[in-house]
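The model shown is predicted, which means the values in this text are computed figures rather than measured ones. Note on naming: letters A, B, ... go to the chains in the order of the sequence lines (proteins, then strands), and numbering restarts at 1 for each one.
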2 protein chains.
Amino acid sequence: MNTIKNRNQEASPLTDRIFDQLQDSIIKGEIPAGSKISEPELSKTYGVSRGTLREALSRLEERHLVIRAPNHGARVISLSYEELIETYQIREVLGGLGCRLAVRNMTDSEIAELHKLLDEHEKSIKEDQGLSYYQQEGEFDFHYRILQGSRNKMLLAILDGGLYQLIRMYRYQFSTDSPRPLLALKEHHRIVDAIEERDEDLAELLMRRHIRIARISVEQRHKKALAKEKGDV
Amino acid sequence: MNTIKNRNQEASPLTDRIFDQLQDSIIKGEIPAGSKISEPELSKTYGVSRGTLREALSRLEERHLVIRAPNHGARVISLSYEELIETYQIREVLGGLGCRLAVRNMTDSEIAELHKLLDEHEKSIKEDQGLSYYQQEGEFDFHYRILQGSRNKMLLAILDGGLYQLIRMYRYQFSTDSPRPLLALKEHHRIVDAIEERDEDLAELLMRRHIRIARISVEQRHKKALAKEKGDV
DNA sequence: TGATATTTTTTTGTCGACACTTTTTATTGA
DNA sequence: TCAATAAAAAGTGTCGACAAAAAAATATCA
């Protein structure tokens, strides 16, 4: 965790910067899930006053990344398996909606850019010997680009502002990358093709399926973990 | 707007209470959409320090009820027609998901309670001479009860914590009640019947249709308003 | 008189202090 | 030695003050 003292770096308020850093630390597990947040300690670490830190915590509370109780401070959430599945359920229907709206709203040039993005992703996978499919957050992320194309700002806010962070948190916690990267890339291609053909129903179906497969993968991993636990008895 | 001075009334922190009051005032239009929020004025009105007020504003920011810009303070959002439609689009798919999950998760006694709730709603409509269908927020709200039955806490948080507030805000702004109350009630009955029969597909379809009808009603009202504007030239 | 520059006032962002609550440690009694 | 109680320490919630930025008011110039 970095200490922030140099105010010339950014034009944004301190509390925004603390919020970003805190969110990152929570998602990456630097502040472990379930752990108590100490305001005095954090404010010392970041070199800011407790009031500034509290503003950032208030925002994190509304992002469901911390839970607060009166006179007891804040605690990083601990995402249970059930909660993770809940998140995937929502992500599936919202992802499908985003895809349907992208079919209606994306320009031809935007779709061409999407193809290019996937070409870059393919290069990246091959450089990594086909072992992982890492998408840098933001403009290089396939799902984010679809959401942009949906032209539904609220959808972007809900997914990018909240649900994706929770899923990222889980991935950091359990060191999971996307399984079978080349297969995932192929699914991405199919989705973009459906968007290009302006086929709403197919695009939505393919996106929902893509996300459902990710959920099922999590479910299977969970089953294995449970079976391993029983085997250990 | 009330001044809060008596701390013996509640065990919750001041900032929580300010948050609730502010949210209510924003939704009801007491602080008009688009207007600038003056921290000194509000802190005087509520009788709290600006620091406390800012914590509440930070949470409202994450609820997308206010927009903040550095060194410029907060402004209540102004929900455009397009944004409202976006909200309904999301609400439709999430409402459908909630209904599907309710089919899977609601107990028989919970469904019986739902029937009772609708009986009470019918009484309320008749007392109002069939002119409106007002559902008190919380346990008396049909949609809220379905969400509870879904057992997806995240879904409840997204819808009840955010989207419903935006739609309430719009309703206050344009003084709209549900149109055709008895028809809406009938749709509610059909949804509960489908849940009772454990028919996921039908329940989801009926809920989505119910919400889509509300969206279409908004769209038609908007068309009329546009036509009226042109007629006025 | 209108445009621009300067000054003043107000607002925003942040700080550290104080009061209250909770947790930890020390003391007392059985 | 253990349990209960009291005291001390730490943490939480809130306050008002200060510095910086923005807005409003005033002065100056063409």
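Residues forming a side-chain contact (heavy atoms from CB on, under 4.5 Å) with Lys36(B) (at least two apart in sequence, or on another chain): Arg75(B). Gln220(A) pairs by the side-chain contact (heavy atoms from CB on, under 4.5 Å) definition with Ile216(A), not counting sequence neighbours. In this structure, the ring pair (Phe, Tyr, Trp, His ring centres under 6.0 Å) partners of Phe142(A), at least two apart in sequence or on a different chain, are His188(A). Residues forming a side-chain hydrogen bond (donor to acceptor under 3.5 Å, both in side chains) with His121(A) (at least two apart in sequence, or on another chain): Tyr133(A). Applying the side-chain hydrogen bond (donor to acceptor under 3.5 Å, both in side chains) test to Asn105(B) and every residue at least two apart in sequence or in another chain returns nothing. Contacts of His72(A) classified as ring pair (Phe, Tyr, Trp, His ring centres under 6.0 Å), with partners at least two apart in sequence or in another chain: none. Every side-chain contact (heavy atoms from CB on, under 4.5 Å) that Glu62(B) has, sequence neighbours left out, goes to Phe19(A), Arg59(A), Glu62(A), Arg63(A). Contacts of Asn71(B) classified as side-chain contact (heavy atoms from CB on, under 4.5 Å), with partners at least two apart in sequence or in another chain: none.
Leu53(B) has its CG atom 13 Å from the P atom of dG16(D), to the nearest Å. When the C1' atom of dT12(D) is taken as reference, atom CZ of Arg75(A) falls 14 Å away, rounded to whole Å. The distance between atom CG of Leu42(A) and atom P of dA10(D), rounded to the nearest whole Å, is 18 Å. Distance CD1 (Ile18(B)) to C1' (dG13(D)): 13 Å, rounded to an integer number of Å.
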Show every donor-acceptor pair shorter than 3.5 Å between a side-chain atom in residues 83-90 of chain B and any protein atom, with sequence neighbours excluded, or say none if there are none.
{"unit_1": "Glu83(B)", "atom_1": "OE1", "unit_2": "Ser80(B)", "atom_2": "N", "d": "2.8"}
{"unit_1": "Glu83(B)", "atom_1": "OE1", "unit_2": "Ser80(B)", "atom_2": "OG", "d": "3.2"}
{"unit_1": "Glu83(B)", "atom_1": "OE2", "unit_2": "Lys153(A)", "atom_2": "NZ", "d": "3.1"}
{"unit_1": "Glu86(B)", "atom_1": "OE1", "unit_2": "Lys153(A)", "atom_2": "N", "d": "3.1"}
{"unit_1": "Glu86(B)", "atom_1": "OE1", "unit_2": "Met154(A)", "atom_2": "N", "d": "3.4"}
{"unit_1": "Thr87(B)", "atom_1": "OG1", "unit_2": "Glu83(B)", "atom_2": "O", "d": "2.8"}
{"unit_1": "Gln89(B)", "atom_1": "OE1", "unit_2": "Asn152(A)", "atom_2": "ND2", "d": "3.2"}

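End-to-end axis angle for the helix from dT1(C)-dA30(D) to dA30(C)-dT1(D), using five pairs per end and rounding to 10°, comes out at 10°.
Salt-bridge annotation for Glu113(B) and Lys116(B): present, with a side-chain N of the basic residue lying under 4.0 Å from a carboxylate O of the acidic one.
Heavy-atom distances under 4.0 Å link DNA chain C to no residue of residues 56-65 of chain B.
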Which atoms of nucleotides 11-13 of chain C (N or O only) lie under 3.5 Å from a protein N or O atom, and what are those distances?
{"unit_1": "dT12(C)", "atom_1": "OP1", "unit_2": "Lys36(B)", "atom_2": "NZ", "d": "3.1"}
{"unit_1": "dT12(C)", "atom_1": "OP2", "unit_2": "Glu39(B)", "atom_2": "N", "d": "3.4"}
{"unit_1": "dG13(C)", "atom_1": "OP1", "unit_2": "Asn71(B)", "atom_2": "N", "d": "2.8"}
{"unit_1": "dG13(C)", "atom_1": "OP2", "unit_2": "Arg54(B)", "atom_2": "NH1", "d": "2.8"}
{"unit_1": "dG13(C)", "atom_1": "OP2", "unit_2": "Arg54(B)", "atom_2": "NH2", "d": "3.1"}
{"unit_1": "dG13(C)", "atom_1": "N7", "unit_2": "Arg50(B)", "atom_2": "NH2", "d": "2.8"}
{"unit_1": "dG13(C)", "atom_1": "O6", "unit_2": "Arg50(B)", "atom_2": "NH1", "d": "3.1"}

